[in-house]
S.K.: 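Quick one: structure below, then a few questions.
Numbering of ligands and ligand atoms starts at 1, following listing order.
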Amino acid sequence: LGPTVCVGEILVEIVATTVGDGFLKAQPLVGPFASGAPAIFISQCGRLGGKAAMVGAVGDDDFGRVNTDRLKRDGVDVSTISIDPDYPTGSAFVRYRKDGSRDFVYNIATSAAARFGWSQAVGDLINRSGHLHVMGSALSVPSAREVIDKAVDIVKARGGTLSVDPNIRKELKLDEDTERRFSKLVAAADLLLPSGEELERAAGVEGEAEAIRRLFEVGVKEIVLKRGAEGATYFGRGGDRIDAPAFVVQEVDPTGAGDCFGGAYLTCRRLGMSPQQALTYASAAGARNVTVLGPMEGAGTQQELDAFIASTERHP
Ligand code: ADP
């Protein structure tokens, strides 16, 4: 079957260099870096040599070029990234707080990232795609919703597969319509890639074992739970479970770990690897990415990941 397609927001990220109190003061900044969770995911797919294409939009500006040039270099088909003549490329500024946490100042709602839609070219791509990856966060963007709804139906109807990264924090209250769409999307997922508490959020029940049971009951085929520096766990429908310890690295920038992990896992599975093998590459992709500043600057090729795996210890 055809390429892996990811639909969603494309942004640049600009990063603070000093720690503050939750307000972004004038200071030297680093970036712009190509970003947006779906774009990071597809970058990692492309870098690993999987056939990959991105659906989304950028503005007719330098920030857009940062993204399209980067994805093109990664081997991603960018012909369905539309260039919006009227709205700028979305952006996110990362700021750091004294307690070690970080948050974002977003400019997305009035950017090209919130305005792309279905087109002939998108339809042609979806009609030959073998796999679709969707981030739950894209459901809050009305234009993306329509594309996702249509794309899920088409890809599934032609025997393709769907992966979903919930990418929605537990505390986030969605309106009823978005909640319903989210549940439907989760139930249609062949592969679910939740991070931490998103597992229970996606299942709508408390407790890890109960959440896994419920998700398989609604139709999910394979679940990989991401736990940051604590590693990741694969759950199969047959009851099998594989724990993958994390690699020991010095974290420089945590943004993008989960997206690189997901992109690598999915690509390895699509290339025919076992869950165990795919988990090793995915764990390496996530860990390697946090050692480099910029959300997708550390996404690895197979050669880079092989070298990383050979030279890096894993937590016990
Ligand atoms: P998300 O970004 O979706 O929250 P995680 O932070 O759980 O995802 O990261 C995904 C995977 O990347 C983890 O399961 C782990 O394998 C790897 N990873 C992330 N952070 C680190 C880290 N600090 N050290 C080693 N591996 C990491």
S.K.: Ion pair present between Glu208 and Arg241, side-chain N to carboxylate O less than 4.0 angstrom?
M.R.: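 Judged by the 4.0 Å cut-off on N to carboxylate O distance, Glu208 and Arg241 do form a salt bridge.
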
S.K.: Closer than 4.0 Å to some heavy atom of Phe261 - which atoms of ligand 1 meet that?
M.R.: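 Listed by number with element: 10 (C), 11 (C), 16 (O).
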
S.K.: Look at atom 26 (N) of ligand 1 and say which protein heavy atom is nearest, naming residue and atom and giving the distance to 0.1 Å.
M.R.: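 So the nearest neighbour among protein heavy atoms is Ala287 CB, 3.6 Å.
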
S.K.: Judging by distance only, is a nitrogen or oxygen of Asp259 under 3.5 angstrom from one on ligand 1?
M.R.: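 No, since none of the N or O atoms of Asp259 sits under 3.5 Å from an N or O of ligand 1.
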
S.K.: Please classify the Arg227 to ligand 1 contact at 4.0 Å (heavy-atom distances, strictly less than): side chain, backbone, both or neither.
M.R.: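 It is the backbone that touches ligand 1; the side chain stays farther off.
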
S.K.: Run down the list Gly228, Ala257, Gly196 and name the one with the heavy atom closest to atom 27 (C) of ligand 1.
M.R.: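 Heavy atom nearest to atom 27 (C) of ligand 1 belongs to Gly228.
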
S.K.: How close does the nearest protein non-hydrogen atom get to atom 3 (O) of ligand 1, and which residue and atom is it?
M.R.: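 Here the closest protein heavy atom is Lys226 NZ, 3.1 Å.
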
S.K.: For atom 24 (N) of ligand 1, state which one of Leu225, Val249, Val224 supplies the nearest heavy atom.
M.R.: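 The nearest heavy atom belongs to Val249.
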
S.K.: Examine the proximity of ligand 1 to Ala246 and report which part, side chain or backbone, both or neither, has a heavy atom under 4.0 Å away.
M.R.: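 For Ala246, the contact with ligand 1 is made by the side chain alone.
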
S.K.: Does the side chain of Ile242 come within less than 4.5 Å of Thr233's, by heavy atoms?
M.R.: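 Counting from C-beta outward, Thr233 and Ile242 never come under 4.5 Å.
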
S.K.: Need the ligand 1 atom indices (1-based, order shown) with element for anything under 4.0 Å from a heavy-atom of Ser195.
M.R.: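 Listed by number with element: 1 (P), 3 (O), 4 (O), 7 (O), 8 (O).
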
S.K.: Which residue and atom name correspond to the protein heavy atom nearest atom 25 (C) of ligand 1, and how close is it?
M.R.: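 Ranking protein heavy atoms by distance from atom 25 (C) of ligand 1, first comes Phe247 O, 3.1 Å.
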
S.K.: Just jot down the ligand 1 atoms closer than 4.0 angstrom to any heavy atom of Ala232, in number order.
M.R.: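 Once the distances to Ala232 are compared, the set is 14 (O).
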
S.K.: When you check the side-chain N and O atoms of Ser163 and His131, is any donor under 3.5 Å from an acceptor?
M.R.: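 On atom types as modelled, these side chains qualify, holding a pair under 3.5 Å.
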
S.K.: Does either side chain, that of Glu9 or that of Tyr106, offer a donor lying less than 3.5 Å from an acceptor on the other one?
M.R.: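 Per modelled atom types, Glu9 and Tyr106 side chains form no pair under 3.5 Å.
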
S.K.: So does Asp62 pair up with Arg65, basic N to acidic O under 4.0 Å?
M.R.: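 Salt bridge flag = no for Arg65 with Asp62.
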
S.K.: Distance to 0.1 Å, residue and atom name: give those for the protein heavy atom nearest to atom 23 (N) of ligand 1.
M.R.: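 Protein heavy atom at minimum distance: Glu251 OE1, 2.8 Å.
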
S.K.: Side chains of Tyr281 and Gln302: donor-acceptor distance under 3.5 Å anywhere?
M.R.: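 Yes, because at least one side-chain N or O of Tyr281 sits under 3.5 Å from a partner of the opposite role on Gln302.
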
S.K.: Answer yes or no: is there a side-chain heavy-atom contact under 4.5 Å between Ser111 and Thr89?
M.R.: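 Answer no - side chains too far apart.
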
S.K.: Given Gly231, Gly258, Ala37, which has its nearest heavy atom closest to atom 10 (C) of ligand 1?
M.R.: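 Result: the heavy atom closest to atom 10 (C) of ligand 1 is in Gly258.
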
S.K.: Are Arg145 and Asp149 within salt-bridge range, i.e. N to O under 4.0 Å?
M.R.: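 Between Asp149 and Arg145 there is no salt bridge, as every charged N stays at least 4.0 Å from the carboxylate O atoms.
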
S.K.: Which residue owns the protein heavy atom closest to atom 12 (O) of ligand 1, what's the atom, and how far is it?
M.R.: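 Closest protein heavy atom to atom 12 (O) of ligand 1: Gly286 CA, 3.4 Å.
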
S.K.: Establish whether Leu162 and Val147 are linked, either directly or via other cluster members, by ILVMFWY side-chain heavy-atom contacts under 4.5 Å.
M.R.: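 Yes, Leu162 and Val147 fall within the same hydrophobic cluster.
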
